[in-house]
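Here is the structure we will look at.
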Amino acid sequence: MTAGYIGLFFAAFGAATLLPLQSEAVLVGLLVSDRYWLWGLLAVATLGNVLGSLVNWWLGRGLERFQGRRWFPVSPKHMDRARVHYQRYGHWSLLLSWLPIIGDPLTLIAGVMREPLGRFLLIVTLAKGARYAVLAMLTLGWLD
């Protein structure tokens, strides 16, 4: 039974990085198996996903030092545009960190923009925890 929690943790962790992984299917599978404690699954999925986002934030903090390199994937123009958008919407944009495709880059950009760690963790934990809670409620038929 512990293997299910460990697998969920690593699926959630990997899904929060820039890797194209999914943790929702793992969570749903464990929920419908009816062998795992709901709150344990939610806690493990949220922890794994937030820690994966923290890796993105940390990478973002060190990313700018490579900006002048030829291989750097983002032009100064695009970096300035991202900075303007982040300054406009600020830390509240992290409420969208749960979304597929745009959520993971948002957490990376938060690091580049020097978002304070405490506020980053609070907002990202709320967003990602809420996503898993809603998914669990839908899976268990609580929102029918």
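In what follows, residues are counted from 1 in the order of the sequence shown.
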Heavy-atom closest pair, residues S23 and L8: O-CD1, 4.2 Å
Contact check, side chains of F13 and V55, non-hydrogen atoms, under 4.5 Å: yes
Interatomic spacing from CH2 in W58 to CG in L63 - rounded to 0.5 Å: 11.5 Å
From OH (Y89) to CG (L96), nearest 0.5 Å: 10.5 Å
L30/Y5 under side-chain contact (heavy atoms from CB on, under 4.5 Å): CA gap, chis, key distance, verdict: CA-CA 9 Å; L30 294 174; Y5 290 111; over 6 Å; no
Same apolar cluster (I L V M F W Y, side chains within < 4.5 Å links), L27/V50: yes
Same cluster (ILVMFWY, side-chain, under 4.5 Å), V32 and W39: yes
Cluster check V124, F9: I/L/V/M/F/W/Y, side chain < 4.5 angstrom: yes
Matching residue for L135 among V28, L42, L31, L140 - test: side-chain contact (heavy atoms from CB on, under 4.5 Å): V28
Check: R61 side chain, V112 main-chain N or O, donor-acceptor pair, under 3.5 Å: no
L122-L95 co-clustered via ILVMFWY side chain contacts under 4.5 Å: no
Short side-chain to backbone donor-acceptor contact, S93 and G90, under 3.5 Å: yes
Rounded distance [0.5 Å steps], CZ in F120 versus CG in L106: 9.5 Å
For R119, salt bridge (charged side-chain N to carboxylate O under 4.0 Å, His left out) partners two or more places apart: E115
Heavy-atom closest pair, residues A16 and N49: CB-O, 3.0 Å
Reported NE2-to-CE distance for the pair H91 and M113, which is rounded to 0.5 angstrom: 15.0 Å
Nearest-0.5 Å distance that lies between atom CG in L54 and atom OG1 in T17: 12.5 Å
D104 side chain vs N56 backbone, donor-acceptor pair below 3.5 Å: no
CE on M137 to OH on Y132, rounded to 0.5 Å: 14.5 Å
Single-linkage hydrophobic cluster, 4.5 Å side-chain cutoff, L21 and L99 together: no
All pairs passing salt bridge (charged side-chain N to carboxylate O under 4.0 Å, His left out) where residues 14-32 contributes a residue, at least two apart: E24-R131
Neighbour count above 12 (heavy atom, 6.0 Å) for I101 CD1: no
CZ (F10) with more than 12 external heavy atoms under 6.0 Å: no
Where L38 and A136 come nearest, the two heavy atoms and their spacing: CD1-CB, 3.8 Å
